[in-house]
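Written out below as structure tokens is the structure these notes cover.
To find a chain, count down the sequence lines: A is the first, B the second, and so on, and within it residues start at 1.
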Amino acid sequence: MNAPLGKHPEHRVAWWFMAPALAGLTAFILAPFLLALGMSFTGLRLGSPLPAGFAGLENYREALSDPAFLRGVANNALFALVVVPVQTALGLALALLLNQQFQGRWLFRTLFFMPVVFPLSLVAVIWIILFAPGPDGLLNGLLNAVTLGAWTPRDFLNDPAWALPAIMVTSIWQGTGFQMVVLLAGLQAIPRSLYEAAAVDGAGPWRRFWHVTLPGLRNPLIFVVIVTTILSFRVFDQVRIMTQGGPQDASTTVIHEVVRAAFDRGQVALAAAMSVVFFVLVLGITLLQRRMMRQEGGTA
Amino acid sequence: VPIPEDEATEVITVWAHAGRESERRTLEAQVRAFEKANPGLAVDVTFIPEGSYNGQVQAAALAGRLPDLLELDGPYLAAYAWRGWLAPLDEHLPDTLKDDLLPSLLEQGQWRGQWYGMGMFDSGLGLWADRHALKAVEARIPDGPADAWTLEELQEILARLASSSSGGPVLDLKLNYGTEWFTYAFSPLLQSAGAGVMGEDDEPQARSHLDAPASVQVLETVQGWFQAGWVDPNLDDAAFTSGRVPLAWGGHWNAPAYRDALGEDLILLPLPRAGDRLVSGQGSWQWALSSRARHPEQAAKLLAFLLETEQVLKMSRANGAVPATLTAIAASEDYGPEGALRLFAEQLRDGYTRPRPRTPAYPVVTDAFARAFRDIRHGAPVADTLEAAARRIDREVEANHGYPAN
Amino acid sequence: MNATLPRLVFTYLLLLLCTLVFFGPILFMLVGSLKPDDQVLADAASLAALWPREAGLDNYHSVFERVPFASYLASSLLINGLIVGLGLLVNALAGYALARLRWWGRETMLAVVVAILVIPFEAIAIPLFYQLSALSWRDDHLVQAIPFVANPLAIYLFYSFFLGLPRALEEAARVDGAGVLRTFFSIVIPNSKAAFASVAIVTFLFHWGMYLWPLLMTTSESVRPLPLGIASFHTLPPLAWGDILAFGVLMVLPVLVVFVVFQRWFVAGVASTGIKG
Amino acid sequence: MAVVEFADIHKAFAGQTVIRDLDLHVAEGEWMVLLGPSGCGKSTLLRLLAGLEAVEQGEIRLDGRVVNDLTPQQRNVAMVFQDYALYPNMTVRENLAFPLRMRGMKRARREARIQSVARTLGLEPLLGRRPAALSGGQRQRVAMGRALVRDPAVFLMDEPLSNLDARLRGQIRNEIATLRDRLVTTTLYVTHDQVEAMTLGQRVAVMAGGILQQVDTPMTLYDQPANLFVARFLGSPPMNCFAVRLRGESGRREWELAGQWLPLPIDPPEGATHAGLRPEAFSGPADARHALQVVVEGVEALGHEVLVYFTDEQSLEGMPMAARLPGQVRVAPGDTLTLLPDAEQLHWFDASGRRLATLTHPICAFSSPPDQGFSSDSFWKSTHQVHHCPWK
Amino acid sequence: MAVVEFADIHKAFAGQTVIRDLDLHVAEGEWMVLLGPSGCGKSTLLRLLAGLEAVEQGEIRLDGRVVNDLTPQQRNVAMVFQDYALYPNMTVRENLAFPLRMRGMKRARREARIQSVARTLGLEPLLGRRPAALSGGQRQRVAMGRALVRDPAVFLMDEPLSNLDARLRGQIRNEIATLRDRLVTTTLYVTHDQVEAMTLGQRVAVMAGGILQQVDTPMTLYDQPANLFVARFLGSPPMNCFAVRLRGESGRREWELAGQWLPLPIDPPEGATHAGLRPEAFSGPADARHALQVVVEGVEALGHEVLVYFTDEQSLEGMPMAARLPGQVRVAPGDTLTLLPDAEQLHWFDASGRRLATLTHPICAFSSPPDQGFSSDSFWKSTHQVHHCPWK
Ligand SMILES: Nc1ncnc2c1ncn2[C@@H]1O[C@H](COP(=O)(O)OP(=O)(O)OP(=O)(O)O)[C@@H](O)[C@H]1O
Ligand SMILES: Nc1ncnc2c1ncn2[C@@H]1O[C@H](COP(=O)(O)OP(=O)(O)OP(=O)(O)O)[C@@H](O)[C@H]1O
Ligand SMILES: [Mg+2]
Ligand SMILES: [Mg+2]
């Protein structure tokens with residue numbers, strides 16, 4: 001509200017409104033993050049009786065020369081590059097499918113969305129079973145049946161070539177429903193008359209999709225892409241439970257390395273340094289993404 | 001668990017791992033018995049799932065909220081002790097107890113000359129086998145620890161087994177187990193070969209141990225088994241029980257299920273030796289007194305109670321592990337002189353076992369070793385992998401200035 | 001513009017396929033939870049994976065025996081209730097201040113919220129743990145909830161939503177004599193049900209599976225939430241897959257109920273909150 | 001350009017009949033305005049023709065060819081939507097180009113076409129903008145342009161002006177009228193604004209409740225409304241309609257208005273139960289013997305004319321009666337005013353609301369001298385000058 | 001009820017001046033209409049008074065008290081919003097109750113108040129409904145009710161009718177006029193519809209570009225517009241304004257219109273560069289010697305009158321000239337028509353657009369005989385009957 005600024009009470013009211021959240025964010029996110037930043041320059045180890053001491057950039061040097069961490073960064077990037085587009089495309093396809101007129105839309109929407117309500121730790125457990133190696137595994141069995149026996153059963157989660165893709169599949173399975181719901185809502189917000197205008201103007205279904213649907217979904221698409229990108233840099237639970245980052249770091253991620261350093265090895269300062277590097281990376285990517293999307297469309 | 005709340009009682013707080021049902025029941029019963037025998041003392045036991053036990057204890061320790069008495073996983077003892085979370089037990093326990101204790105437990109419970117941990121039982125590691133299958137390939141069946149197979153012998157047997165089973169897997173290495181298994185189960189092979197994960201107290205480093213040629217050679221051999229397709233992934237933990245493989249790298253805890261599955265055909269063999277002498281695994285849950293304990297005397301009293309022969313036997317019966325005292329072993333059905341599992345007891349008693357590296361760096365050590373082992377499993381070059389792991393471990397040791405006493 | 005029959009048939013075929021992909025694993029879990037432990041894996045590759053032959057509730061019995069499920073559930077509900085309940089209030093207030101009120105520091109605060117958005121919890125768990133340990137605050141329900149009440153994502157979602165809310169309503173209320181606070185409670189909240197529902201669901205989903213934090217912060221059985229229960233099943237192998245799946249089913253059931261009940265609002269809310277890039 | 005025929009069209013939504021037995025013939029190049037209150041089915045009719053709704057019963061023909069089963073893109077119609085439906089992601093130029101691209105027109109020709117339309121509609125400076133950066137009036141013109149840029153068989157316009165404010169509406173109405181005279185294309189134009197209908201339609205089809213009430217030129221609709229609905233729908237303020245009360249014999253008949261008896265110089269037609277009198281059929285204060293004295297209830301002084309409202313118990317639906325007095329009169333509610341209604345301009349309706357023709361409806365028409373420059377077919381028919389007629 | 005004063009108000013948004021040096025005094029109980037084109041700052045002025053925008057410069061006084069720094073809830077004003085801003089989560093009753101609850105009125109008194117307002121506005125049967133279940137007109141009345149239910153110092157209404165369709169707008173305009181006369185409360189009413197301004201305002205403040213152009217009664221504005229802007233803003237079609245060209249000496253002067261020279265019976269004021277003539281200053285075809293012959297460019301036949309458009313090169317901004325001919329004339333574009341402009345109704349403006357007073361502005365007024373029932377203060381001032389004046 002544009003009510004008078006100056007001495008007006010609204011200024012104070014605003015701070016009151018902001019205060020609880022601000023206190024929470026400061027105490028539980030900002031302060032620990034600054035603490036992490038500080039810790040990253042020390043030699044602090046979990047529970048160590050030695051004085052932490054100033055370590056300079058040692059932790060950063062160590063993190064950046066740790067092949068597992070670097071692999072984690074690369075894996076995260078690969079993960080984002082694959083999962084974001086695939087999941088978005090799938091979500092869009094499902095949304096389009098559900099945006100048609102037919103009986104039972106509600107049911108199917110619920111079914112497709114259901115994986116989203118599953119905690120990742122549980123999803124991971126289910127998929128470990130589905131990925132079971134040997135011909136007895138469900139996925140192996142299915143692929144075998146589909147390819148009429150041409151498929152050689154694999155141990156997906158312990159195969160350097162398959163571990164990361166397997167985790168991607170799991171994540172896509174779990175996350176697509178969210179994309180779908182957002183995009184479905186976006187689809188329903190596109191004025192019907194635009195489709196009608198395009199039809200009258202001579203556009204067939206494909207061109208209507210290209211010229212009306214896609215542009216109309218711009219903002220929801222931006223939203224899901226940004227959220228999915230942020231989330232795909234946070235991948236952890238699946239990795240921890242399904243592959244522990246292996247084999248040969250083939251499926252490790254940054255957060256997984258952070259957690260291993262901090263919790264399994266007690267190297268909290270190293271973990272803090274990794275977190276800081278990671279934060280800078282993700283923030284950079286997010287800002288870049290926002291800027292690109294914004295400029296491209298003019299109004300976002 | 002209701003705790004009697006009258007003012008005269010002192011409450012001893014205890015954390016224990018929530019093992020199997022029977023184990024939990026037994027401990028609870030023992031605690032009640034202790035309370036009955038010691039009016040005015042109450043015990044408050046919290047069971048914590050094994051999966052999250054270490055994390056929880058560390059978190060509580062950092063927060064200064066450890067209980068009086070707690071269980072911990074043997075190899076972590078040094079780490080906890082160095083951080084000052086534990087109080088030495090020497091002054092609280094009678095020396096007579098030591099005399100009766102398994103030497104493995106004595107070794108495991110001590111660090112830098114002080115006694116921190118005391119187990120009610122120890123673990124046994126060995127090879128389970130199907131008598132028929134071995135007979136079919138005319139394998140030699142060792143009598144005891146002293147005449148264990150050599151690594152080459154095992155390899156040959158595996159090859160024979162494999163060819164008789166048309167190339168399928170023949171060995172279960174319990175690949176479905178968690179991180180700690182790999183250090184526990186396979187570092188003894190390195191030690192047997194004359195190397196090991198780390199040097200002893202006077203040489204606390206991994207370099208020239210973990211990456212020593214002997215270590216490399218042993219693990220290259222094991223890697224060969226993977227590459228030959230002899231090892232079952234064992235996702236369902238049923239590789240041996242379902243008869244898929246005739247040989248399983250395992251321990252005392254497998255006994256009940258394996259007996260059920262194979263009955264008379266089940267035989268227990270020592271691990272292979274990679275060098276002159278067999279080295280097997282040891283170490284299990286131990287009791288320790290927190291340095292912040294508010295009732296150390298009473299807690300020690302409880303501990304002493306738990307180590308009474310009767311109690312040790314009860315626990316051993318509940319979880320199937322090797323009883324902690326020689327007296328109890330002698331009285332045990334399974335581990336006694338004629339017991340089917342006596343091999344486990346012999347190994348522990350006769351010095352065929354060595355503890356995992358007793359260093360405050362252990363969390364890093366086991367992480368590095370397990371990771372290396374898993375990479376080797378998937379074909380990573382053994383020498384490089386081990387060298388990298390050794391470097392990782394040593395960096396940690398150096399960063400802590402070799403863990404000076406404080 | 002109207003669906004023809006062949007098209008409808010095609011649509012249903014596609015729907016069926018998608019149902020298989022998205023619901024199949026869930027069905028597998030449901031069915032598996034009714035089977036004896038060893039059958040779960042044994043059946044996996046056959047159609048029996050989706051069809052219980054020897055169905056029984058044994059696994060569920062076993063779950064209730066192995067873990068104090070009711071206590072875990074109660075803790076989880078309490079913790080999530082706090083996070084969602086307090087969170088809606090706190091974050092909505094902040095989102096409103098950012099979207100609507102004019103004050104010094106607004107722009108900065110918005111930038112901070114957006115930047116904070118990308119900090120994953122795992123990255124700050126340890127320092128936060130140190131912080132709270134220094135206050136020796138641990139092992140209760142509150143410590144599992146309070147740190148998550150203020151949530152930058154929720155603030156941002158509310159902010160986007162309020163930006164799109166017609167200003168005239170609030171102005172009318174102000175002219176009618178309501179103060180800022182009164183306007184917020186009497187006018188803004190009742191007209192933002194969709195936003196509240198969707199933020200509620202999103203935060204609920206986000207925190208229902210939380211594992212790391214309770215692991216660090218709790219020891220007492222009575223304050224532990226459901227996800228820690230899973231650890232009880234990760235004991236020595238053989239894993240009791242049936243029990244794990246049964247536990248999983250019990251764990252998602254409350255979320256599923258919440259979702260099905262609020263789904264209508266959720267979809268509408270997503271439409272109105274998420275749309276600002 | 002095409003002939004449009006609706007034959008016996010019937011349309012229902014979810015069992016609710018929206019259009020009933022509709023027959024309508026639009027000639028080649030004709031501008032037909034569909035006029036009617038909200039919800040009477042105007043848009044539905046347009047959408048049926050465009051192919052956006054399925055025809056359930058009856059036939060729609062374009063140049064004699066039945067198009068019932070063609071998709072929108074197969075029918076060569078162009079439509080201006082009520083909410084414009086401009087593609088928000090495209091610039092004005094791209095919006096205009098879209099229908100041409102969809103029909104595969106080559107780039108060069110397309111550009112030429114766009115330029116020409118943009119010039120016609122004054123859109124040239126806006127070509128690079130997005131719809132979000134346009135004012136309401138500009139958007140309307142782009143929507144128009146997107147239809148004009150093609151060369152369709154029929155134009156369909158669905159209340160293209162209803163979202164504009166009064167002033168802009170008037171201005172764009174003029175522009176559309178100019179366009180209409182320039183581009184002769186068969187057009188169906190939907191509105192519920194009667195001023196638009198009067199000024200834009202060559203013929204106007206008045207609809208109510210899904211039924212066609214009357215199709216005729218605007219002036220015929222105004223002068224000879226087929227029924228009470230049409231009578232009261234056209235004109236602002238609408239025609240004053242009331243249940244008629246008569247007394248006296250033929251030749252000395254009197255009729256009642258606002259409780260007063262006035263002489264009726266003509267014979268009402270047989271069966272007349274209702275009558276209507278347009279507001280302009282009242283003339284200013286007169287000393288006449290048979291003038292009507294009314295108590296003014298409301299006044300609207302518009303500068304060039306004053307609308308005076310008063311009450312008549314017999315008025316349909318209790319609507320106030322209105323008199324339109326040209327010029328400026330200072331009159332306030334509560335005043336008593338003397339008005340002279342022209343009974344000869346009464347419209348007569350029977351009990352069912354149908355119009356009854358008066359046999360003798362004296363009209364005072366004087367044709368202008370041809371040498372004064374009037375085109376031969378234009379003639380004055382001013383109701384205001386009726387009292388100057390010699391026989392009065 | 002209060003006196004409202006704006007003193008030297010200046011308001012800018014992001015450096016863009018929106019209101020400039022504005023002084024306005026609204027008397028106690030007066031209905032002041034703010035009229036002006038879109039974007040001229042009308043809403044801003046209202047919002048300044050309501051406290052929804054900060055006053056940056058100048059003072060706003062309610063009954064002499066400066067209210068610049070009061071919050072909206074501290075100023076006792078009631079506002080009707082353009083899009084009504086009904087609370088969708090509340091029933092009509094709750095909507096009406098809200099402002100009373102906010103002011104802490106007791107339940108019983110509140111109910112009584114709501115009942116009375118609901119009765120006044122015919123909302124009784126709707127009290128239990130939510131806004132979503134109301135038609136546009138009903139919503140408008142609820143919005144009105146929410147303002148009326150209070151007893152504010154000032155009513156503010158921001159284009160309350162602009163979202164309604166033409167027919168409903170006319171009807172509710174009447175209702176508002178009735179209310180205005182019943183409840184005498186100081187009111188600022190914003191519109192850009194000049195019919196509303198003319199019919200509702202006791203005085204009308206015409207704004208353009210943030211500057212007050214003229215504040216006066218509607219008729220004064222219409223008859224004596226202070227400048228070209230006001231002249232052309234009021235009236236539909238607007239006043240025909242053009243650069244004036246004169247020739248000849250005083251007494252035998254002539255002026256040019258549509259390229260033809262016509263006698264000018266009066267002397268134009270000193271410095272006149274522009275003149276304006278309302279469309280109704282033309283009268284129908286005449287045989288007069290000095291009639292104007294125009295080629296018709298456009299025709300709008302509205303039933304009761306015909307608007308005829310023709311071109312004059314001198315016309316401001318190239319706007320077509322309009323003549324309003326009462327009744328019905330059949331005239332088509334391209335026809336030649338003879339019109340008689342009444343030069344005595346010319347408005348004169350100087351180079352800066354300011355109005356110039358004519359010393360002798362002959363008006364043909366005839367007061368009606370008192371015994372005919374006219375109230376003493378009402379009199380005719382019809383421009384149409386000017387040519388019946390004896391001296392012509
Ligand atoms: N898709 C639909 N489903 C159900 N009813 C509909 C549909 N479209 C229109 N109607 C109904 O059909 C009737 C006629 O609608 P239509 O849009 O043709 O009216 P209209 O004359 O264009 O009115 P307006 O002037 O308000 O645009 C209305 O009662 C409307 O509610
Ligand atoms: N909050 C704002 N920020 C920036 N510019 C504004 C703001 N509010 C209004 N303006 C600008 O101030 C000018 C006057 O706006 P205002 O709403 O007062 O016009 P108005 O006369 O009410 O127009 P309308 O008839 O279209 O409602 C416009 O140019 C508008 O763009
Ligand atoms: Mg319509
Ligand atoms: Mg405005």
Side-chain angles (χ1 to χ4, degrees), chain A residues 1 5 10-11 13-14 17-18 20-21 24-25 28-29 31-33 35-36 39 94 97 100-102 108 110-112 114-115 117-122 125-126 129-130 132 135-138 141 181-182 185 189 219-220 222-223 230 234 236 255 258-259 262 268 275 279 282-283 286 293 300, chain C residues 3 8 11 14-15 18-19 22-23 25-26 29 41 44-45 49 90-91 93-94 96-97 100-103 109 115-116 118-120 122-124 126-128 131 147 149-150 152 155 170-171 180 205 208-209 211 227 230 241 244 248 251-252 255-256 259-260 263 267 270-271 274-277:
Chain A
M1 198 165 314
L5 253 176
E10 193 163 291
H11 188 73
V13 172
F17 271 49
M18 200 66 214
L25 293 181
F28 302 119
I29 299 182
F33 184 72
L35 199 58
M39 272 161 50
L94 287 184
L97 192 61
Q100 301 179 68
Q101 295 292 334
F102 59 83
F108 286 109
T110 310
L111 288 182
F112 299 169
M114 223 178 250
V117 309
F118 279 63
L120 274 168
S121 49
L122 185 56
V125 170
I126 299 174
I129 305 179
L130 299 184
D136 286 347
L138 189 141
V181 168
V182 174
N219 281 335
I222 290 177
F223 174 74
I230 291 180
R234 285 189 181 180
F236 166 67
I255 294 298
V258 168
V259 171
V268 283
S275 307
F279 171 74
V282 179
L283 188 62
T286 315
M293 303 222 182
Chain C
L8 208 62
T11 302
L14 269 180
L15 285 169
C18 294
T19 306
F22 287 97
F23 190 66
I26 296 174
M29 177 180 95
L41 282 167
V90 164
N91 298 314
L93 281 171
Y96 188 74
R100 276 291 202 266
L101 304 179
R102 288 285 172 88
W103 43 289
M109 203 56 71
I116 282 184
V118 306
I119 300 181
E122 285 82 1
I124 53 166
I126 293 278
L128 183 58
Q131 238 175 272
V149 165
I155 295 177
E170 292 142 68
E171 292 182 339
V180 177
L205 289 182
W208 188 251
Y211 179 80
I230 280 241
W241 288 114
I244 294 180
M251 184 166 154
V252 287
V255 203
L256 216 56
F259 171 68
V260 171
Q263 120 161 295
V267 175
V270 163
I275 302 309
K276 314 281 166 334

Closest approach of A:A31 and C:Q131, non-hydrogen atoms and distance? C-OE1, 3.8 Å
Is it the side chain or the backbone of A:T110 that comes within 4.5 Å of chain C heavy atoms, both, or neither? both
One option among C:P147, C:A94, C:G248, C:G209 has the most heavy-atom pairs under 4.5 Å with chain A, and it is C:P147
Given heavy-atom pairs under 4.5 angstrom as the criterion, report whether the side chain, backbone, both or neither of C:V149 touches chain A. neither
State, with a plain yes or no, whether a side-chain heavy atom of C:I124 is found less than 4.5 Å away from one of A:S275. no
Counting only non-hydrogen atoms closer than 4.5 Å, does A:L283 touch chain C with its backbone (N, CA, C, O), its side chain (CB onward), both, or neither? both
Take C:M29 and A:L122, measure what side-chain contact (heavy atoms from CB on, under 4.5 Å) needs, and give me the verdict at the end. CA-CA 10 Å; C:M29 177 180 95; A:L122 185 56; 4.3 Å; yes
Report the option among A:I126, A:I230, A:L120 that has the most heavy-atom pairs separated by less than 4.5 Å from atoms of chain C. A:I126
The interface call for A:F112 against chain C, heavy-atom contacts under 4.5 Å, is both
If one checks every heavy atom of A:V117 against chain C at 4.5 Å, the contacting part turns out to be both
Sort out for me which of C:I155, C:I126, C:V255 touches chain A most, counting heavy-atom pairs under 4.5 Å. C:I126
Evaluation steps, side-chain contact (heavy atoms from CB on, under 4.5 Å), between A:F17 and C:V180: CA-CA 10 Å; A:F17 271 49; C:V180 177; 3.8 Å; yes
A:L111 versus chain C, heavy atoms under 4.5 Å apart: side chain, backbone, both or neither? both
Steps toward side-chain contact (heavy atoms from CB on, under 4.5 Å) verdict (A:F118, C:M251): CA-CA 9 Å; A:F118 279 63; C:M251 184 166 154; over 6 Å; no
Contact winner vs chain A - C:T11, C:I26, C:T19, C:L205, heavy-atom pairs under 4.5 Å: C:I26
For C:V118 versus A:R234, what's the shortest heavy-atom pair and its separation? C-NH2, 3.9 Å
Testing the basics here: between A:A36 and C:P127, what is the closest heavy-atom pair and its distance to 0.1 Å? CB-CG, 3.7 Å
For the CZ atom of C:F23 and the CZ atom of A:F108, what is their distance to the nearest 0.5 Å? 11.5 Å
Minimum-distance pair of heavy atoms, taken over all atoms of A:A14 and C:L101: CA-CD1, 3.6 Å
Using heavy-atom distances under 4.5 Å, tell me whether A:F33 contacts chain C through its side chain, its backbone, both, or neither. both
Scanning both residues in full, the closest heavy-atom pair of A:I29 with C:P152 reads CD1-CD, 3.8 Å
What option among C:L14, C:I116, C:I119, C:L256 has the most heavy-atom pairs under 4.5 Å with chain A? C:I119
Could you go step by step and tell me if C:C18 and A:L94 meet the side-chain contact (heavy atoms from CB on, under 4.5 Å) rule? CA-CA 8 Å; C:C18 294; A:L94 287 184; 3.5 Å; yes
To the nearest 0.5 angstrom, please state how far the CZ atom of C:F22 sits from the CE atom of A:M114. 13.0 Å
